[in-house]
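Lettering of chains follows the sequences in order, A, B, ..., and the numbering in each one begins at 1.
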2 protein chains.
Amino acid sequence: MNQSRNGTAPLKATDLSRTASTSDIIFDALRDAIIRGEIGEGETIRQESIARMFNVSRIPVREALKRLEAQGLVTSVRFKGVVVSALSPAEIREIFAFRALLESDVIAGAVPAMRPQSLQEARQYMEAFDREEDPAKWGELNWHFHMALYRDAGRPYFLEVIRTANDRVERYVRAQLELTGSRGRARTEHEAIFNACAKGDGEQAAALTRAHILDAGESLIEFLTNDDNARKRDE
Amino acid sequence: MNQSRNGTAPLKATDLSRTASTSDIIFDALRDAIIRGEIGEGETIRQESIARMFNVSRIPVREALKRLEAQGLVTSVRFKGVVVSALSPAEIREIFAFRALLESDVIAGAVPAMRPQSLQEARQYMEAFDREEDPAKWGELNWHFHMALYRDAGRPYFLEVIRTANDRVERYVRAQLELTGSRGRARTEHEAIFNACAKGDGEQAAALTRAHILDAGESLIEFLTNDDNARKRDE
DNA sequence: TTATGCTTTATTGGATCCAATATACAATAT
DNA sequence: ATATTGTATATTGGATCCAATAAAGCATAA
């Protein structure tokens, strides 16, 4: 009864082929730990210690590390190990310029196609971001807000690339959000972007998104190059 | 005497730490085979067969495959294997739009900083592309030409992303270049882009680059959706 | 013939073991 | 004291082996 005669694979009750492998789980966990800043930049990741944490051998750990390396989150030196990549101010500035270019283009393409449901979702994330008191959750809510506005552009490749770019800088943004009053500005800028989308003005939404990202980047760099903050972060 | 006292690591005669691992070699080889079209889209890659080709175990092969998957060149299904990713016309169109956006922006930033040496190099690749008779080499020469013009933008992250985007579509471009007269147009468009750079007109270079890429994308899609060509490619 | 269940085979995912390398440390010489 | 050499230890890279799964073949029944 599970047979299908239209060429697609039969769907078994337990479809193992789309469950996550051990290497997938470890990849996700490490990626998360890195972008949340739980593993600091420059810190080296030992295969054995990760393997012990998950009660597995080093094999799936190594595969996960290779994937992280392919995405640029860690850099590996043969026979020595992998360390969480650190970004120079110049590299951070470049990534924000990158995001500004891509995300403004995407939102301009999304607005004409935007479904009410996406707009509604964006509003909910925006409000949740405003209300949330736990700084650890701001990063994710912020991300969901933007993605809800980008989704209807129908450009999965753009979104994938934006995500990996975001992954590289997210831990810095988190630190900044937690230690400065920058959430206030994000709030008002989000509202402006949202309103432009609701109005159907794609050009304005693009301009606001571009400014939103570039501003965040510049203030982040200022924040990071201030020695006081560096000290504060270490505590 | 190899000791250094300035904090950098000592450089041994045989610096193993920056030699390529087996997994690196296999990664490069597979990536090359995929973007050259030697492994066709939809084709599944068997760990064991690759391992035999290199006289190694399956371990480094698996690591290489995970990296290819992270870059989107293959997709893997648990317990079944990895297959070379196929792109739909919509995905191809999206990637060309992506490249057009990024590359035009990069070249606009590169022109004001362009060194004569880079310009000279670009000219050499352009002329080599014109003269070259072996279609298998066109893709690489074309790539080097563009990269010479982008280099001085000083945006390594942009270039890295452009490269992975290019990797995904290169085999289609190759097929098109080999089977159609599209090299002629590429030639004249290259010349126009080069002249704009030599003049120092970044805006024009950007506009030409954008048109160059979008045109190539559209004509590629037309080429691919023509059944005759699909048959021709299979021969 | 066609569908259903069982068995065999090919293939992947993971564990364990071994080799190669780097690092830390002690011993020695200058 | 400082540099140098040798040794022990920790860590990575890879090979081999085993378990889990999917696909193919085969037998049997409707």
Nearest to the side chain of [X], which nucleotide is it out of [options]?
X      : options                   : value
R62(B) : dT21(C), dG13(C), dG14(D) : dG13(C)
S57(A) : dT11(C), dG13(D), dA15(C) : dA15(C)
F79(A) : dT12(C), dG14(C), dA22(C) : dA22(C)
I59(A) : dA23(D), dA15(D), dC17(D) : dA15(D)

Is there a donor-acceptor contact under 3.5 Å linking the side chains of [X] and [Y]?
X       : Y       : result
R62(B)  : S23(A)  : no
E91(A)  : Y157(B) : no
T164(A) : D167(A) : no

Per nearest nucleotide of DNA chain C, the residue lying toward the 5' end, R58(A) or T22(A), is T22(A)

Rounded to whole angstrom units, what separation is found between the [atom1] atom of [X] and the [atom2] atom of [N]?
X      : N       : atom1 : atom2 : value
E48(B) : dA15(D) : CD    : P     : 12 Å
F27(A) : dG13(C) : CZ    : C1'   : 18 Å
I50(A) : dT11(D) : CD1   : P     : 13 Å
R78(B) : dA22(D) : CZ    : C1'   : 12 Å
I45(B) : dA10(C) : CD1   : P     : 21 Å
L65(A) : dT11(D) : CG    : P     : 14 Å
E63(A) : dT12(C) : CD    : P     : 12 Å

* Asked: S85(A) side chain to G72(A) main-chain N or O, any donor-acceptor pair under 3.5 Å?
  -> yes

Should [X] be listed as having a side-chain N or O under 4.0 Å from OP1 or OP2 of [N]?
X      : N       : result
R46(B) : dT12(C) : yes
Q47(A) : dG13(D) : yes
K80(B) : dT11(C) : no

Between A122(B) and L149(B), the two heavy atoms sitting closest are CB-CD2, 3.5 Å

